[in-house]
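Notes to accompany the following structure.
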Amino acid sequence: MAIKLNETYLNGFVSGEEIKKSLHLADASCELVKNGTGAGSAFLGWVDLPVAYDKEEYARIKAAAKKIQNSCDVFVVIGIGGSYLGARAAIEFCTSPLYNNLKKDTPDIYFAGNTISSSALQDVLRLCEGRDVCVNVISKSGTTTEPAVTFRIFRELLEKKYGEEGARERIFVTTDRARGKLKEFSTQKGYETFVVPDDIGGRYSVLTAVGLLPIAVAGIDIDAMMKGAADVREDCLSTPCASNDAVRYAVLRNVLFNKGKFIEILVAYEAAAQMFAEWWKQLYGESEGKDSKALYPSSVIFSTDLHSLGQYIQEGMRTMFETVLDFKTSADTVVVPNDPNNIDGLNFLAGKELHDVNRTAMTATLLAHNDGGVPNIVLEVEKRDAYHFGSLVYFFEFACAVSGYMLGVNPFDQPGVEAYKKNMYALLGKPGYEDHKAFLETKMNANN
Ligand code: PA5
């Protein structure tokens, strides 16, 4: 498996007996995923996706990506949650968080519609001034407020700048195959559309057109990404559940949760993995955070955050464990120079490769956090590239589904996300929400 589980830093925190007990439940949960017999089984399309994707659409994604690369300086990707995080995570993971600032022959890529902040939107609009722009609006439902409002603004901008015909060549829509306002509208306008499959929820959709189109525009090898996912899929489906590292990861989080470790921190020593951690947080938070239970998923980038949250992790409440992404190699080589005068006293590092120093910082931190009572799961990954991004995506998706079933929740719904929307629609005066608005106003008056 491209992702290897290292349990060295769990010694003294998790016993073989505890793992053995939990494996039975894991085995049954894993079978629910494999056989499609668990809650939410209508949303298991991601299981076979890396091998059973729509080849015709995949070719269209590649062609559209080329067209976008050739016709714009700025590519604006509009979407929120599962319709946003995966693409951004992949681009930063495979290139750099500074992708837009690097010398490249692909367009700058900005993400919009993932907030209601007027300043955030205005910033992207300013960055589009005087430059050629293409837009990809992504919304499975086609009704989510944040991307819908943002798309209205960008559509107006593109139609003013290029005319209706010209705008049609620059707007790409990823949405439901047949339903929803966005689909209806795109058909009317004649936009090129891509599909979010019915059986794949937002947070599991990065390897569909949702993620693949923006990722391909960034010049990333999506074939390698799919291959990485397909290889891990093969491992997950062909090895017995108990000897599969993704299932084992689900088991370990389950054991730790039952021992009072209520917070899981995903740790990486690369800033390029920060958005990957955001994607991971949505995957686990939205899949498991139900029925008043589940681990709270959080993340840090070390060594950066060792100088902010490090103190808490070392000595604060002992309710957390860490899952560390250990990237064994780096594509970039930086060697610490020698200084004959050694004024800064750093010659003990002279000649050392910075990536090795970074990994030494990791070992030092693992040992320190273990001493401080924090268990650590380590996931070894050879390097940050498209293949390993795909591998990690499938690894975590499979583990998440198993883990959700172990916890006794449906890992594929998100009923709680509706609560704020209902209140927001009522307070903003959306037709049909009049009674709920009256109810909220009574509540707010009583609170005053
Ligand atoms: O995972 C999910 O289902 C959510 O995060 C959705 O992706 C998010 O709410 C956006 O929904 P939509 O794609 O319908 O606009």
Side-chain angles (χ1 to χ4, degrees), residues 39-47 49 76-90 111-117 120-121 135-155 171-186 191 193-215 275-290 294 297 393-394 396-398 400-401 403-404 409-425 430:
S41 59
F43 292 95
L44 284 171
W46 57 271
V47 174
L49 178 73
V76 180
V77 182
I78 301 172
I80 194 165
S83 292
Y84 149 64
L85 287 164
R88 184 157 174 201
F111 291 89
N114 51 64
T115 159
I116 314 176
S117 156
L121 181 57
V135 164
N136 178 201
V137 56
I138 308 168
S139 177
K140 184 176 186 181
S141 61
T143 55
T144 309
T145 311
E146 292 89 338
V149 169
T150 306
F151 180 49
R152 186 184 267 216
I153 291 164
F154 274 94
R155 185 167 44 83
I171 293 176
F172 299 82
V173 178
T174 308
T175 189
D176 189 88
R177 187 182 305 280
R179 284 170 305 217
K181 287 254 181 295
L182 186 58
K183 176 67 193 170
E184 257 172 56
F185 187 73
S186 305
Y191 298 145
T193 57
F194 298 93
V195 172
V196 191
D198 281 343
D199 55 359
I200 300 183
R203 58 190 176 275
Y204 291 83
S205 71
V206 54
L207 299 177
T208 71
V210 169
L212 293 180
L213 179 58
I215 294 168
M275 287 308 299
F276 180 80
E278 296 302 320
W279 170 85
W280 173 89
K281 283 193 248 184
Q282 186 201 357
L283 180 65
Y284 281 83
E286 213 166 71
S287 298
E288 295 194 310
K290 290 154 202 174
V393 162
Y394 200 93
F396 280 126
E397 286 180 348
F398 196 85
C400 184
S403 180
V409 300
N410 174 355
F412 305 112
D413 65 358
Q414 55 285 327
V417 181
E418 295 311 310
Y420 99 92
K421 288 188 193 169
K422 189 176 170 191
N423 288 354
M424 182 175 76
Y425 292 151
K430 186 171 178 174

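Values in this document were obtained by computation on a predicted structure and should not be read as measured data. When a ligand or atom number is given, it counts from 1 through the structure's own listing order.
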Fill in the blank from the handout: of all protein heavy atoms, closest to atom 1 (O) of ligand 1 is E286 OE1, 2.8 Å

Handout entry: CA sep, side-chain torsions, deciding dist, call: N423, Y425, side chain to side chain contact (heavy atoms under 4.5 Å, CB included)
Key = CA-CA 6 Å; N423 288 354; Y425 292 151; over 6 Å; no

Handout entry: D198 vs R179 side-chain heavy atoms within contact, under 4.5 Å
Key = yes

Practice task
If the plane angle is over 60° it's perpendicular, under 30° parallel, otherwise tilted; pick one for Y394 and F398.
Solution key: parallel

Handout entry: Shortest protein heavy-atom distance from atom 11 (O) of ligand 1, along with the residue and atom involved
Key = T144 OG1, 3.5 Å

Problem - Neighbour count above 12 (heavy atom, 6.0 Å) for K421 NZ - result: yes

Problem - Those atoms of ligand 1 less than 4.0 Å from some heavy atom in G81 - result: 5 (O)

Exercise for the section: Would you check, one step at a time, whether the test side chain to side chain contact (heavy atoms under 4.5 Å, CB included) holds for E397 with L49? Expected result: CA-CA 12 Å; E397 286 180 348; L49 178 73; over 6 Å; no

Exercise for the section: Among all protein heavy atoms, pick the one closest to atom 6 (C) of ligand 1 and tell me residue, atom and distance. Expected result: G82 N, 3.9 Å

Handout entry: Flag: protein heavy atom within less than 4.0 Å of atom 3 (O) of ligand 1
Key = yes

Exercise for the section: Could you find the nearest protein heavy atom to atom 10 (C) of ligand 1 and give me its residue, atom name and distance? Expected result: I80 O, 3.3 Å

Exercise for the section: Look at the aromatic rings of Y204 and F412 and report parallel, tilted or perpendicular, splitting at 30° and 60°. Expected result: tilted

Handout entry: Which of the ligand 1 atoms, numbered from 1, are nearer than 4.0 Å to a heavy atom of S141
Key = 12 (P), 14 (O), 15 (O)

Practice task
Answer yes or no: is there a side-chain heavy-atom contact under 4.5 Å between F43 and D413?
Solution key: no

Practice task
Could you find the nearest protein heavy atom to atom 5 (O) of ligand 1 and give me its residue, atom name and distance?
Solution key: Q282 NE2, 2.6 Å

Exercise for the section: Can you sort out which atoms of ligand 1 are near Q414, meaning under 4.0 Å from one of its heavy atoms? Expected result: 3 (O)

